[in-house]
There are 2 protein chains.
Amino acid sequence: MQQLLAHLKTFYQLSAEAELVLKDCFEEIILAKNEFLVKEGKVCRHLYFLQQGALRGFYNLDGKEITHWFGFENDFVTSFHSFTTQQPSVENIQLMEGCILWAISKDTLTGLFNRYHEIERLVRIAYEKYYIRLEERYVNAHFKTAGERYESLLLHTPHIVERVPLGFISSYLGISQETLSRVRGRL
Amino acid sequence: MQQLLAHLKTFYQLSAEAELVLKDCFEEIILAKNEFLVKEGKVCRHLYFLQQGALRGFYNLDGKEITHWFGFENDFVTSFHSFTTQQPSVENIQLMEGCILWAISKDTLTGLFNRYHEIERLVRIAYEKYYIRLEERYVNAHFKTAGERYESLLLHTPHIVERVPLGFISSYLGISQETLSRVRGRL
DNA sequence: TGCTGGTTTTGACAATAGTCAAAAAATAAC
DNA sequence: GTTATTTTTTGACTATTGTCAAAACCAGCA
């Protein structure tokens, strides 16, 4: 909990008052490697703060698992579309390592929005950050060759390469595992 | 102006009070085809509502123009990264048709956030929508073949195909103009 | 009607990436 | 330390897409 609050204070200017309020709104969750945080077809009703561990978001396409994002320490994670719209999730979230998470329900969060302008602001700012991140990722992914994408990953997010099996990384980069292996051989 | 307010009322539950406030915060801008709304290297200080017309966001990569998004009627547009961080823009926004826009400055918007919780909420909700849209676009773009991407464009956003020159569309899909032409030939 | 500039298509060939199958390497299990 | 099991790499071949150059198409307009 301390880590979540510290993160919010550092990156979102959380006030002492809001801190007191938030303290009681999150619930600790501990899950083991390979367990699912969200399953496709189910509505995702929580937003999670990832204190410790690593996980991935993926969906199934023609029997293949397509990993399209990763989460690590200090990330807020959820099945975004499902959490926002309260429609069944199209994606799965699975742990790549044992994780410690803090969960807040959509209802609790909505209640906080109504009572505390500051907390809605905090989320608005989080959206800005995550939007920019996604936009960068989009441009990177879409307009570069397999080799360039991997090099960009090494440069900008080396922790992904260090902690994630290559099978997930190739999927994340939108290339086959074999091509990734060859790209790595060339470097 | 009516159109902007109507859009906000319909899709963002804008209250009558907030409507009165917002009315005076936007400035009308009329620009001709091919003019630039944002130029790379300059800080983008405004958020725009596109009342009429069509435009594109693009950046330069090895001397080539990469179009990575389009804007149409009722879209909020800006050089997102630049507007948020107030760093120089890496992208250009150019009009594909003559446009009518309504501009609000970052400072004005920030002032509104401080005074009206409801307006910050409105923007928070806008972020949600735009984030989901981008996420869908990301998945579509990244994990499908050239043909599938074009078909998906036809299916989900046919107005793009109708109003945008093929050269921009191919760039948007991340494929060459020739490949797009051949894909179209096959359908 | 016939230029003119731009856009779109076609053709030939090269480069890139995917697929399937098997080998090698790395982990985990006993 | 020796098996299993999983992950990663390699090889041969195929499919997809890109590149360059030329042709066709399509306005707008003298």
query: With a cut-off of under 6.0 Å to the ring centre and 45° to the axis, is B:R121 in cation-pi contact with A:F113?
result: no

Integer-rounded Å distance: D:dT6 P and A:M96 CE: 19 Å

task: Take A:H46 and A:F83 through the test ring-ring contact (aromatic ring centres under 6.0 Å, His included) and record every step on the way to the result.
output: CA-CA 7 Å; A:H46 292 84; A:F83 180 73; 8.2 Å; no

- request: Please state how far atom CD1 in A:I66 lies from atom P in C:dG18, giving the value in whole angstrom units.
  value: 11 Å

- line: Rounded to whole Å, the CD1-P distance (B:I175 to D:dT19) equals 12 Å

task: Output all residues satisfying side-chain hydrogen bond (donor to acceptor under 3.5 Å, both in side chains) with A:T108, sequence neighbours left out; order by chain, then residue number.
output: A:S105

Integer-rounded Å distance: C:dT8 P and B:Y150 OH: 11 Å

field: Atom pair distance, as rounded to whole Å: CZ in B:R149 and C1' in D:dT16
entry: 11 Å

- request: Please name the residue in the list A:V38, A:T84, A:L47, A:L37 that meets the side chain to side chain contact (heavy atoms under 4.5 Å, CB included) test with A:S79.
  value: A:V38

- request: Test the B:R124-B:Y127 pair against the cation-pi criterion, namely NZ or CZ under 6.0 angstrom from the six-membered ring centroid and within 45° of the ring axis.
  value: no

- prompt: Ring centres of A:Y172 and A:H68 under 6.0 Å apart?
  reply: no

statement: Its contact letters, B for base, S for sugar-phosphate only and - for none at protein heavy atoms under 4.0 Å, make nucleotides 7-15 of chain D read -SBBBB---

- request: Would you tell me whether A:Q87 and A:H81 have side-chain atoms, one donor and one acceptor, within less than 3.5 Å of each other?
  value: no

query: Using a cut-off of 4.0 Å between protein heavy atoms and nucleotide atoms, how would you tag nucleotides 25-30 of chain C 5' to 3' with B, S and -?
result: ------

message: Could you check, using the six-membered ring where one of them is a Trp, whether B:Y138 and A:H142 have ring centers closer than 6.0 angstrom?
response: no

message: Applying a 4.0 Å non-hydrogen cut-off, can you work out what B:G147 is touching in the nucleic acid: base, sugar-phosphate, or nothing?
response: nothing

